[in-house]
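This chain uses plain numbering: 1 for the first residue, then up along the sequence.
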Amino acid sequence: MVRAEALYRAAHHIAPTDVDALRGLGALALQALRPLDAEAYFTASLDLDPTDPVAIAGLSLIRPDTATETRLRQRIAGQTDALAPRLALAERLAREQRWAEARRSYALAHALTPADPDITYNLAVSLDHSGQRHLAADHYRMALDLAAQQPARFNPSQCAARLHALTSVEASP
């Protein structure tokens, strides 16, 4: 992460209006739990491109208000293949335990990137919370398979434990 930040800073220094550099710095600031820095970078990106889906998504994680949710939904409606705002909306809905809505958003994000282990895992969690245990088990299994092929942020041990719990319940008489 240190190297990535150095590269984004260098790019931003060379081209202060480079939206990709601003997005990258914003995302790294979010990961480093520096929301004020992240907000500044995402806001600067939106000043350059008011429809920037990554900046909108990033700000929605920092500002959990109704206006931000509305903006995400408008962005998704305007560009149905935009992954960043769809994921930001899904994560927001999950944090608010609005599981049915989160499940729909994660399912649409999963349709855009079916090989992403983290999206598959989050879809499984939302299915699980929505009471769709059989489908949840299928998606937990898929998430584990995908995580075996590429890096994932979710904890595979916890995922496997939940999958075991779900399949044990299904196997019980």
Side-chain angles (χ1 to χ4, degrees), residues 4 8 12 17-140 142-143 146-147 150-155 158-159 162:
Y8 278 123
H12 179 60
T17 59
D18 183 323
V19 174
D20 289 330
L22 290 166
R23 287 179 188 163
L25 288 167
L28 290 171
L30 264 182
Q31 287 179 344
L33 303 177
R34 296 187 333 257
L36 294 177
D37 291 343
E39 184 171 9
Y41 289 123
F42 290 137
T43 300
S45 181
L46 282 175
D47 288 344
L48 297 167
D49 177 4
T51 65
D52 180 357
V54 175
I56 292 168
L59 283 175
S60 75
L61 297 173
I62 298 165
R63 299 181 195 155
D65 58 15
T66 305
T68 306
E69 181 176 336
T70 301
R71 195 171 184 182
L72 279 173
R73 289 184 185 280
Q74 289 170 342
R75 183 67 182 138
I76 291 166
Q79 189 176 14
T80 57
D81 62 344
L83 182 62
R86 189 169 304 288
L87 281 177
L89 179 61
E91 289 169 16
R92 177 194 178 105
L93 295 168
R95 276 194 313 275
E96 294 175 2
Q97 297 183 2
R98 294 162 58 188
W99 294 112
E101 291 174 276
R103 178 188 45 77
R104 284 190 295 276
S105 289
Y106 280 126
L108 291 168
H110 178 68
L112 292 172
T113 56
D116 186 302
D118 293 305
I119 294 173
T120 305
Y121 173 76
N122 287 325
L123 175 56
V125 170
S126 66
L127 286 163
D128 200 350
H129 282 282
S130 296
Q132 298 180 14
R133 297 184 188 281
H134 182 54
L135 278 173
D138 290 344
H139 284 81
Y140 283 128
M142 280 190 275
L146 291 167
Q150 60 188 302
R153 292 186 315 269
F154 72 87
N155 183 323
Q158 289 176 343
C159 181
R162 184 60 188 150

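- For the pair Leu83/Ile119, a side-chain contact is recorded, criterion being any heavy-atom separation below 4.5 Å from C-beta on.
- The distance from atom CG of Leu108 to atom CG of Asp81, rounded to the nearest 0.5 Å, is 12.0 Å.
- The backbone N or O of Leu123 sits less than 3.5 Å from a side-chain atom of Ser126, completing a donor-acceptor pair.
- In this structure, the separation between OG1 on Thr43 and CG on Leu59 is 4.5 Å, given to the nearest 0.5 Å.
- For residues 106-119, the set of pairs meeting the side chain to side chain donor-acceptor pair (under 3.5 Å) definition, not counting sequence neighbours, comprises His110-Thr120.
- Residues forming a side-chain contact (heavy atoms from CB on, under 4.5 Å) with Gln150 (at least two apart in sequence, or on another chain): Ala115, Pro117, Leu146.
- Closest non-hydrogen pair, Tyr8 versus Leu28, comes out as CD1-CD1, 3.6 Å.
- Here the closest heavy-atom approach between residue Ala38 and residue Ile62 is recorded as CB-CD1, 3.7 Å.
- Rounding to the nearest 0.5 Å places CH2 of Trp99 at 13.0 Å from CD of Gln132.
- Considering every non-hydrogen atom in both Cys159 and Phe154, the closest pair reads CB-CE1, 3.7 Å.
- Summarising the geometry of Val19 relative to Ser45, their closest heavy-atom pair is CG1-OG, 3.2 Å, with the distance given to 0.1 Å.
- Taken from CG in Asn155 to CZ in Arg162, the straight-line distance is 14.5 Å, to the nearest 0.5 Å.
- Looking at His12 and Leu22, their side chains come closer than 4.5 Å, going by heavy atoms from C-beta outward.
- Put simply, CG on Asp37 and CZ on Phe42 are 11.0 Å apart, with the number rounded to the nearest 0.5 Å.
- What you find for Ala124 and His139 is that their closest heavy atoms are CB-CB, 3.6 Å.
- Pairing each heavy atom of Asp128 with each of Tyr140, the nearest pair is OD2-OH, 2.9 Å.
- Residues passing the side-chain contact (heavy atoms from CB on, under 4.5 Å) test with Glu101, sequence neighbours excluded: Arg73, Leu93, Arg98, Arg104.
- Distance check, rounded to the nearest 0.5 Å: OG1 of Thr17 to CG of Asp49 gives 12.0 Å.
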